[in-house]
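A short worksheet on the structure shown next.
Residues take their numbers from the sequence shown, with the count starting at 1. Values reported hereafter were calculated over all heavy atoms of this structure, with side chains retained and with hydrogens, waters and symmetry mates removed.
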Amino acid sequence: MENVVIIGTGCAGLTAAIYTARANLKPLVLTGTMPGGLLTTTSIVENFPGFPEGVDGYELMTRMQKQAEKFGARVRFATVESVDFKDGVTELSVDGEPVKARTLIVASGAGHKHLHVPGEIELEKKGVTYCATCDGALPMFRNQPVVVVGGGDSACEEASYLTRFASKVYLIHRRDTLRASKIMADRTLANPKIQPVWDSVVTEITDVAQDKVTGVKLKNLKTGEESSLPCTGVFAAIGHVPNTALFQGKLDLHENGYFKPTGFVGTKVPGVFVAGDCVDSVYRQAITASGMGCAAAIEAERFLAALEG
Ligand code: NAP
C-alpha cells in the first residue's frame with residue numbers, strides 16, 4: 001500500500017512530491033501523458049520567484065522533478081485509467097495495474113480548449129496547433145503568415161514567440177481589448193509583426209481538401225462582416241479545460257468541470273486532496289499551483305500522522 005499517490009507532474013504535483021518526499025513518505029508520482037504539465041510547452045517563465053532572468057518552462061519542471069527525486073519521490077511515466085474510493089483506501093488502475101494508496105493528491109492539470117470550428121480536428125498537426133513553443137519553428141510556418149486566436153496571456157505569449165519565425169502574426173480576438181496582463185498586452189501590441197484583428201472569431205479553418213491549413217474564415221461580431229485571411233498556421237490559445245473526467249460522480253466538481261474543493265485543497269473523501277490547474281480557474285499561475293501542491297502535501301502528511309495516532 002502506498003502512503004501517497006500523486007497524479008500529475010505539473011507545478012502542483014511536483015511541489016506536492018517535494019514536500020511529501022521530504023517528509024519521508026516516498027510518494028508515487030504518476031505523470032499522465034504530459035510529463036511536466038502545460039508549463040513544459042511555455043517558453044520563458046518570467047514570473048516564477050527566484051529567476052530574475054526568467055527560466056525556460058521545460059527546465060523549471062525538470063528541476064522540480066529532480067528536486068523531488070532527490071528526496072525519494074518515485075516518478076513513473078504512467079496513466080491512471082480508473083479511481084475508486086473504498087473503506088478509506090484509494091484504488092487506482094495504472095496502465096492496467098492495481099495500485100492502492102492511503103492518500104491521493106490529484107494535480108491532473110488542464111488541457112487546451114478547442115475552437116470547435118469546421119476544419120479544426122481534420123487539420124490538427126497539419127497547421128492547427130495549441131502550442132507555439134512546440135510547433136512554431138516547423139518549416140510550414142517559416143516566413144509565412146500565421147494566426148493566433150485568443151486575447152489572454154497565452155495568446156500574447158504565443159504571438160510574440162511566433163514573430164521569430166512567421167512573416168506576420170494575426171491576433172484574432174473576439175473583443176477589442178486584450179484580457180492579458182498589461183505588460184504582456186503592451187509588449188504584444190507594440191510588436192510591428194503582430195496585427196490584432198479585433199471583435200472577430202474564426203468560423204472555419206481551410207482547406208481540408210488540400211489536407212493543410214491555407215487560411216481562416218472570420219466573422220466580425222460587431223458588424224457581422226465575413227472575411228478570409230490566408231495563413232499556414234492556426235495557433236489556438238483560448239484557455240483550458242480541467243482534466244477531471246476521471247472523477248465525475250466521485251468528487252465534487254463545479255459546472256465548468258473544475259474541482260470544487262472543501263476548504264483550500266480538501267475533498268469530501270478523507271485523505272484525498274486536489275491542487276493546481278484542475279481546481280483553480282481563477283489565478284492559474286505556476287506559483288499558485290505550487291502553493292496548492294504544498295498545501296495538499298501538508299494535509300496528506302497530517303492525515304497520515306492522524307491515522308497512525
Ligand atoms: P485566459 O486568460 O482564459 O484567456 C483566454 C482568451 O481566449 C480570452 O481572451 C478569451 O476571450 C478567449 N476565448 C475563450 N474562449 C474563446 C472562444 N471559444 N473563441 C474565441 N476566443 C475565446 O487563458 P490563457 O491566456 O491561457 O491564460 C490562463 C491563465 O494563465 C491566466 O491566468 C494567465 O494570466 C496565465 N498565463 C500567464 C502567463 C505569464 O504570466 N507568462 C502566460 C500564459 C498564461 P475573452 O477575453 O473575451 O474572455
Side-chain angles (χ1 to χ4, degrees), residues 2-81 83 90 92 94-95 97 99 101-112 130-131 133-134 154 157 240 242-244 246 265 272-280 283-301 304:
E2 300 287 343
N3 283 317
V4 185
V5 168
I6 297 169
I7 301 178
T9 49
C11 290
L14 287 177
T15 305
I18 292 167
Y19 272 76
T20 50
R22 283 195 79 241
N24 214 17
L25 295 171
K26 298 191 172 38
L28 174 64
V29 191
L30 306 169
T31 62
T33 51
M34 195 183 228
L38 277 185
L39 212 64
T40 55
T41 66
T42 307
S43 49
I44 199 88
V45 181
E46 289 181 330
N47 49 14
F48 200 86
F51 297 92
E53 312 304 328
V55 57
D56 177 78
Y58 183 82
E59 188 190 339
L60 180 63
M61 301 321 297
T62 306
R63 282 168 172 253
M64 281 192 202
Q65 180 171 333
K66 274 191 189 152
Q67 196 174 348
E69 285 173 332
K70 178 177 139 186
F71 295 112
R74 293 161 297 141
V75 179
R76 203 166 123 193
F77 181 73
T79 304
V80 179
E81 288 138 354
V83 181
T90 295
L92 306 118
V94 180
D95 284 347
E97 273 179 41
V99 173
R102 292 186 181 89
T103 65
L104 176 72
I105 296 174
V106 186
S108 49
H112 297 289
Y130 304 85
C131 176
T133 327
C134 319
S154 297
E157 202 170 67
H240 301 92
N243 298 323
T244 55
L246 210 57
V265 293
V272 176
F273 307 96
V274 289
D277 281 6
C278 56
V279 189
D280 172 20
Y283 302 107
R284 305 181 43 76
Q285 302 299 301
I287 191 68
T288 49
S290 276
M292 292 183 89
C294 162
I298 292 173
E299 290 297 336
E301 207 182 318
L304 288 167

Any chance you could measure [X], atom [atom1], to [Y], atom [atom2], to the nearest 0.5 Å?
{"X": "Gln65", "Y": "Ile18", "atom1": "CD", "atom2": "CD1", "value": "10.0 Å"}
{"X": "Leu38", "Y": "Asp277", "atom1": "CG", "atom2": "CG", "value": "7.0 Å"}
{"X": "Met34", "Y": "Met61", "atom1": "CE", "atom2": "CE", "value": "11.5 Å"}
{"X": "Cys11", "Y": "Gln285", "atom1": "SG", "atom2": "CD", "value": "10.0 Å"}
{"X": "Glu2", "Y": "Arg102", "atom1": "CD", "atom2": "CZ", "value": "9.5 Å"}
{"X": "Leu14", "Y": "Arg63", "atom1": "CG", "atom2": "CZ", "value": "14.0 Å"}

Test side-chain contact (heavy atoms from CB on, under 4.5 Å), reference Asn3, set Leu28, Thr103, Leu304, output is Leu304
Exercise. Classify the ring geometry between His240 and His112 as parallel (under 30°), tilted (30 to 60°) or perpendicular (over 60°).
Key: tilted
Determine whether [X] and [Y] make a side-chain contact, defined as any pair of heavy atoms from C-beta on separated by less than 4.5 Å.
{"X": "Val4", "Y": "Ile105", "result": "yes"}
{"X": "Val279", "Y": "Val265", "result": "no"}
{"X": "Leu104", "Y": "Leu92", "result": "yes"}
{"X": "Thr40", "Y": "Pro35", "result": "no"}
{"X": "Arg74", "Y": "Val29", "result": "no"}
{"X": "Phe51", "Y": "Leu60", "result": "yes"}

[X] side chain to [Y] main-chain N or O, any donor-acceptor pair under 3.5 Å?
{"X": "Asn243", "Y": "Ser108", "value": "yes"}
{"X": "Ser290", "Y": "Thr15", "value": "no"}
{"X": "Thr9", "Y": "Gly36", "value": "yes"}

For residues [X] and [Y], report the shortest heavy-atom separation together with the two atoms involved.
{"X": "Val94", "Y": "Ala78", "value": "CG1-CB, 3.5 Å"}
{"X": "Ala296", "Y": "Phe273", "value": "CB-CB, 3.9 Å"}
{"X": "Ala297", "Y": "Ala16", "value": "CB-O, 3.7 Å"}
{"X": "Gly109", "Y": "Cys278", "value": "O-CB, 3.5 Å"}
{"X": "Gly13", "Y": "Ala107", "value": "N-CB, 3.5 Å"}
{"X": "Gly276", "Y": "Ala12", "value": "CA-CB, 3.7 Å"}

- Would you say Phe48 has more than 12 foreign heavy atoms packed within less than 6.0 Å of its CZ? yes
